[in-house]
Number of protein chains: 2
Amino acid sequence: MTNGTGDEIAETLGLLLRRSTREQLHAQLTEGLGEAVDQLTYPVLSGLARTGSCSAADLGREIGLDRTTVTRRADRLQQAGLLHRTPDPADARATLLALTAAGEETVRATRRRLAARIETSLSAWPEADARDFSRLLRRFVEEGPFADAPSH
Amino acid sequence: MTNGTGDEIAETLGLLLRRSTREQLHAQLTEGLGEAVDQLTYPVLSGLARTGSCSAADLGREIGLDRTTVTRRADRLQQAGLLHRTPDPADARATLLALTAAGEETVRATRRRLAARIETSLSAWPEADARDFSRLLRRFVEEGPFADAPSH
DNA sequence: GCGAAAGCGTGCCTCGCGCACGCTAATCTG
DNA sequence: CAGATTAGCGTGCGCGAGGCACGCTTTCGC
C-alpha cells in the first residue's frame with residue numbers, strides 16, 4: 001500500500017465535509033421549496049423518502065435522532081403539507097409517518113438540483129474518469145471505513 | 001455525459017455524509033483525547049491548525065461560525081491547555097489564537113487515526129484503484145460542485 | 001486631534017434537544 | 001381469561017449552544 005494515500009484521502013474528505021455542510025449550499029438546493037424545509041427538517045423528509053412509511057421511532061433510529069426530535073420536526077413538515085400521519089392499521093398504538101405527494105416532489109426536486117449541479121461540474125471531465133469516480137466512490141462508501149458493519 | 005452519473009454520485013455523497021457525521025465515529029476518533037474535544041470544539045482546533053495563529057473573527061469566517069461562538073469554544077479549549085491566547089503584537093485590540101503543543105498533538109493524533117482507518121479499508125483494494133480514487137476525489141473537491149469559486 | 005470603525009468579551013434571549021412523565025394499546029404469563 | 005409488563009406516542013421541562021446587542025479599548029481616516 002502506498003504510504004500517504006490515507007493521509008491524502010483523509011484531508012480531502014475533511015475538506016469535502018466542510019464544503020458540503022455549508023449553510024449556503026443547503027439554502028441553494030432548497031430555495032423556493034417553502035419555509036418548513038431547512039437543515040433540520042430535511043433529514044426527516046429525506047430519510048422518510050428512503051425508508052418509506054414508518055414510525056417515528058424507526059425513522060429516528062435510521063437517521064440517528066431521538067424519537068421526540070423526529071416527532072417535533074415531523075410536526076412542522078405536516079403543517080406544511082409535506083408529510084402526513086396515519087394510524088398504523090396493524091398496531092393501534094403506532095402512527096405511521098409518510099410523505100405526501102408534495103413531500104415526495106420536494107425531495108425529488110432537491111435531489112435533482114444536486115445531481116444537476118454535480119453533472120455540470122463533471123461535464124468537463126473525461127467520461128471514463130467520471131465513471132471511475134462514481135464507481136470508486138460507491139465502493140468506498142459501501143465497503144470503506146464508514147461502512148455499517150466494521151470489517152475489523 | 002452519461003445520464004445518471006450525477007444521480008448516482010449525489011446519492012452516494014448523501015450516504016457518505018450521513019455516515020461520516022455519526023456521533024459514534026467522532027467519538028472513536030477523539031477517544032481518550034480529553035473531555036474538551038468534542039464535535040463542537042474540534043472544528044475550532046482543526047481550523048486553527050489549518051490557518052495557523054489568527055484572530056477569533058478570522059477563524060470564524062474560515063470555519064463558518066459566529067465570532068462569539070468561536071470565542072466560547074476557544075475558552076473550553078484554552079482551559080484544557082490545547083489552545084492559548086496572545087495579544088497581537090501588531091494590534092493591541094486583537095487577540096491571537098494559537099494551538100499549544102498539546103493542541104497540535106491532539107489534531108495530529110485524530111488525523112492519524114482517521115488516515116489509518118482509511119488506509120486499512122483501502123488495503124484490500126488494488127493499488128491502482130486506491131491511487132485513482134485519491135486523485136479523482138481530490139479533483140472533485142477542488143474543482144467540483146462545492147468548490148470555493150463557483151465555475152458558473 | 002477627533003470622530004468613525006474594528007476587535008474583543010460578556011449578558012441576555014431564543015431555540016432545539018433529550019429526559020421523564022402520563023396515557024393507550026399490545027403482548028406476555030399463569 | 002385477567003392482571004402485569006412492555007412498547008409506542010405526544011408533551012412539559014430543564015439544559016446547553018448560538019446569535020445579537022452592548023460596552024470597552026485601540027486603530028484608522030481626515
Side-chain angles (χ1 to χ4, degrees), chain A residues 18 21-24 26-27 30 34-48 51-80 82-98, chain B residues 18 21-24 26-27 30 34-48 51-80 82-98:
Chain A
R18 260 175 280 137
T21 52
R22 283 199 174 137
E23 201 168 332
Q24 180 194 3
H26 198 278
T30 61
E35 281 290 328
V37 181
D38 58 15
Q39 271 175 321
L40 294 180
T41 54
Y42 186 73
V44 173
L45 214 62
S46 155
L48 200 52
T51 65
S53 181
C54 75
S55 76
D58 288 342
L59 185 54
R61 272 184 286 272
E62 169 72 19
I63 61 183
L65 290 176
D66 189 83
R67 175 182 65 83
T68 64
T69 301
V70 174
T71 296
R72 296 241 162 76
R73 296 187 185 181
D75 289 343
R76 296 183 52 193
L77 293 169
Q78 183 175 13
Q79 198 156 16
L82 301 176
L83 172 153
H84 69 110
R85 289 178 158 98
T86 44
D88 187 340
D91 187 339
R93 297 169 301 179
T95 305
L96 292 180
L97 304 177
Chain B
R18 261 175 278 138
T21 53
R22 283 200 174 137
E23 201 168 333
Q24 179 194 5
H26 198 279
T30 60
E35 282 289 327
V37 182
D38 58 16
Q39 271 175 321
L40 295 180
T41 54
Y42 185 74
V44 173
L45 214 61
S46 154
L48 200 51
T51 64
S53 180
C54 74
S55 76
D58 288 342
L59 185 55
R61 271 185 287 273
E62 168 73 19
I63 61 182
L65 291 176
D66 188 84
R67 174 182 65 84
T68 63
T69 301
V70 173
T71 296
R72 296 241 162 76
R73 296 187 184 182
D75 288 344
R76 296 183 54 193
L77 292 169
Q78 183 176 13
Q79 197 155 16
L82 301 175
L83 172 153
H84 69 109
R85 288 179 160 97
T86 45
D88 187 341
D91 185 340
R93 296 169 302 177
T95 307
L96 292 180
L97 305 177

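Just the heavy atoms: all of them, side chains too, but no hydrogens, waters or symmetry mates, feed the values below. Chain letters run A, B, ... following the sequence lines, proteins first, then strands; residues in each count from 1.
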**Message:** Nearest heavy atom decides the nucleotide; on that basis, is A:Arg72 or B:Leu97 closer to the 5' end of DNA chain C?
**Reply:**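 Per heavy-atom nearest nucleotide, the more 5' residue is B:Leu97.
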**Item:** Residue met sooner reading DNA chain C from 5', once A:Arg93 and A:Arg76 are mapped to nucleotides
**Value:**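 The residue whose closest nucleotide sits nearer the 5' end is A:Arg76.
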**Message:** Applying a 4.0 Å non-hydrogen cut-off, can you work out what A:Asp91 is touching in the nucleic acid: base, sugar-phosphate, or nothing?
**Reply:**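 A:Asp91: backbone/sugar contact only, no base atoms under 4.0 Å.
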**Prompt:** Pairs in or reaching into residues 55-70 of chain A: which pass salt bridge (charged side-chain N to carboxylate O under 4.0 Å, His left out), with residues at least two apart or in two chains?
**Reply:**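 Listed by first then second residue: A:Arg50-A:Glu62, A:Asp58-A:Arg61.
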Give the minimum heavy-atom separation between [X] and [Y], together with the two atoms involved.
X       : Y       : result
A:Thr71 : A:Ala56 : OG1-CB, 4.1 Å
B:Glu35 : B:Arg76 : O-NH2, 3.8 Å
A:Leu48 : A:Leu59 : N-CD1, 3.8 Å

**Asked** Does B:Arg85 make a side-chain donor-acceptor contact with the base of C:dG7, cut-off 3.5 Å?
**Response**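 Side chain to base: no pair below 3.5 Å.
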**Asked** B:Asp75 CG to D:dA17 P: how many Å, rounded?
**Response**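 Going from B:Asp75 (CG) to D:dA17 (P), I get 12 Å.
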**Prompt:** What is the distance, rounded to the nearest whole Å, between atom CG of A:Asp88 and atom C1' of C:dA26?
**Reply:**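 These atoms are roughly 12 Å apart.
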**Asked** Heavy atoms, side chains only, cut-off 4.5 Å: are B:Leu97 and B:Arg85 in contact?
**Response**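 Of all side-chain heavy-atom pairs linking B:Arg85 with B:Leu97, at least one is under 4.5 Å.
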**Message:** Could you tell me if the side chain of B:Asp38 sits less than 4.5 Å from the side chain of B:Thr30, heavy atoms only?
**Reply:**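 Not in contact.
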**Message:** I want to check one thing: is the phosphate of D:dG8, taken as OP1 and OP2, less than 4.0 Å away from some side-chain N or O of A:Ser55?
**Reply:**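 Negative; the distance criterion is not met.
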**Asked** Can you tell me how far the CG atom of A:Leu83 sits from the CG atom of A:Asp75, to the nearest 0.5 Å?
**Response**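 Here the interatomic distance stands at 9.0 Å.
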**Prompt:** When rounded to the nearest 0.5 angstrom, what distance separates OG1 in B:Thr95 from NE2 in B:His84?
**Reply:**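 The OG1 atom of B:Thr95 sits 12.5 Å away from the NE2 atom of B:His84.
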**Message:** Of the listed nucleotides (C:dC8, D:dC9, C:dG18), which one gets closest to any side-chain atom of A:Thr95?
**Reply:**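 Given the options C:dC8, D:dC9, C:dG18, the side chain of A:Thr95 is closest to D:dC9.
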**Nearest to side-chain heavy atoms of B:Thr69, which nucleotide of D:dG19, C:dA25, D:dT11** =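 Shortest atom-to-atom distance from the side chain points to D:dG19.
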**Prompt:** Of the residues in residues 60-68 of chain B, which ones touch DNA chain C at a heavy-atom distance under 4.0 Å?
**Reply:**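 By residue number: B:Arg67, B:Thr68.
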**Asked** Which residues within residues 34-45 of chain B lie with some heavy atom under 4.0 Å of an atom in DNA chain C?
**Response**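 Correct list: empty, so none.
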**Request:** For A:Thr41 and A:Ala36, indicate whether the former's side chain and the latter's backbone hold a donor-acceptor pair under 3.5 Å.
**Result:**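 Checked: pair present.
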